[in-house]
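See below for the structure under consideration.
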Number of protein chains: 2
Amino acid sequence: MTIKGTDLYYQLHSELCHVFTSPKRLEIIDLLRDGEHSVQQLGEMTGIPQANLSQHLAILRQQKMVETRRDGTCVYYSIADRRLVKALDLVKKMLVERIKVEGRMAAELAVEMKK
Amino acid sequence: MTIKGTDLYYQLHSELCHVFTSPKRLEIIDLLRDGEHSVQQLGEMTGIPQANLSQHLAILRQQKMVETRRDGTCVYYSIADRRLVKALDLVKKMLVERIKVEGRMAAELAVEMKK
DNA sequence: TGCTCATATAATAATATTCGAATATATCAT
DNA sequence: ATGATATATTCGAATATTATTATATGAGCA
């Protein structure tokens, strides 16, 4: 008996991936990639309003994508599982490659249209 | 000049990841993992109604996650970029591991409560 | 051409997600 | 305890996503 391939599995998997479908959350993850940051620091770096930032961090927490450490009144966030970064990097590579190809196509099209 | 780290980049990245946030799309991707299938076959395997299936396939197409090949009236779908599968497998591993840990915790909790 | 099968698209209703404003909690210093 | 700072939560409105029904396209065949 395994959970793989069941409705419940796909449900949980999609809930996990839901974390990736907000530009703001991706930016937060990117900032945490090289080490922990406090909520305040993240706020300054991203410009996201406090409440909204806290909401996004709550989603990351719920999916156990980040860990927190309290120091006084500050809470420091960090990546909980490096595979998260690895998975995102794979998708990033696909994206960057596609943008390059499309950029090239756009350039070629521009040349064509001059003729 | 690079697109990485820009608002546009995170926007595009989140749109790509949007593909992963539907249990049905994850199931479709899983079925295509080992080779192409026609829309009809996918319909039979998943039980998803034709129109809805077609909509999900359209989203996968838009994000260039799948390729299509026409043979007569049938359209065969296949994975366009293997990194897609690789990225999903990383997330899957995280998920399976977590379920195992939580299952163990639930079992321990049950034992505790008997006492 | 007209018919049928396979697939795609459009429109709509139900549902889920996002963000901002207000409020609550937690820690520290006085 | 009171006040100040940092973070979290709740609620509601705007927006986006999903599934269903109906309709359209496109290929093959009589």
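Below, chains carry the letters A, B, ... as their sequence lines are ordered, and counting in each starts from 1.
Shown are I28(B), V19(B), I59(B), D81(B); of these, the side-chain contact (heavy atoms from CB on, under 4.5 Å) with M65(B) is made only by V19(B).
For the pair A58(B) and R25(A), both in contact range of DNA chain C, the more 5′-proximal nearest nucleotide belongs to A58(B).
Where DNA chain C meets chain A (any atom under 4.0 Å from a heavy atom), the bounding nucleotides read 5' to 3' are dT17(C) to dC28(C).
Separating the CD atom of E15(B) from the C1' atom of dT17(D) is a distance of 14 Å, rounded to the nearest angstrom. Between the CZ atom of F20(B) and the C1' atom of dT17(D) there is a distance of 17 Å, given to the nearest Å. A straight line from CD of Q11(B) to C1' of dA16(D) spans 12 Å, rounded to a whole angstrom. Atom NE2 in H56(B) sits roughly 12 Å away from atom C1' in dT20(D) (whole-Å rounding).
Here E97(A) pairs with R83(B) in a salt bridge; the nearest charged N to carboxylate O distance falls below 4.0 Å.
Under the side chain to side chain donor-acceptor pair (under 3.5 Å) criterion, Q55(B) pairs with N52(B), not counting sequence neighbours.
Taking five base pairs at each end of the helix from dT1(C)-dA30(D) to dT30(C)-dA1(D) and finding the rotation axis that steps the C1' atoms of four pairs onto the next four gives two axes whose angle is 10°, to the nearest 10°.
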- Hey, mind stepping through L95(B) and Y9(A) against side chain to side chain contact (heavy atoms under 4.5 Å, CB included) and telling me if it holds? CA-CA 9 Å; L95(B) 178 60; Y9(A) 167 71; 3.3 Å; yes

Report the C-alpha distance between D30(A) and K92(A) in whole Å, list the side-chain angles of each, state the deciding distance to 0.1 Å, and finish with yes or no for side chain to side chain contact (heavy atoms under 4.5 Å, CB included).
CA-CA 11 Å; D30(A) 229 13; K92(A) 184 185 286 194; 3.7 Å; yes

Does R98(B) form a side chain to side chain contact (heavy atoms under 4.5 Å, CB included) with Q63(A)? I'd like the steps, not just the answer. CA-CA 10 Å; R98(B) 177 175 317 167; Q63(A) 293 299 330; 4.0 Å; yes

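Looking at H13(B) and L88(A), their side chains come closer than 4.5 Å, going by heavy atoms from C-beta outward.
Proximity of residues 66-76 of chain A to DNA chain D (heavy atom under 4.0 angstrom from any strand atom) is restricted to T73(A), C74(A), V75(A). Contacts of residues 26-55 of chain A with DNA chain C (heavy atom under 4.0 Å): P49(A), A51(A), N52(A), Q55(A).
Under a 4.5 Å side-chain heavy-atom cut-off, the cluster of Ile, Leu, Val, Met, Phe, Trp and Tyr residues that includes L90(B) is completed by L90(A).
Here the straight-line distance linking atom CD of Q50(A) with atom CG of L57(A) works out to 9.5 Å at 0.5 Å rounding. One finds the OG1 atom of T21(A) at 7.5 Å from the NE2 atom of H18(B) (value rounded to the nearest 0.5 Å). Between the CG atom of L84(A) and the CG atom of D89(A) there is a distance of 9.5 Å, given to the nearest 0.5 Å. With rounding to the nearest 0.5 Å, the separation of OH in Y77(A) from CG in L60(A) is 8.5 Å.
The heavy-atom pair separating I79(A) from L32(A) by the smallest distance is CG1-O, 3.6 Å.
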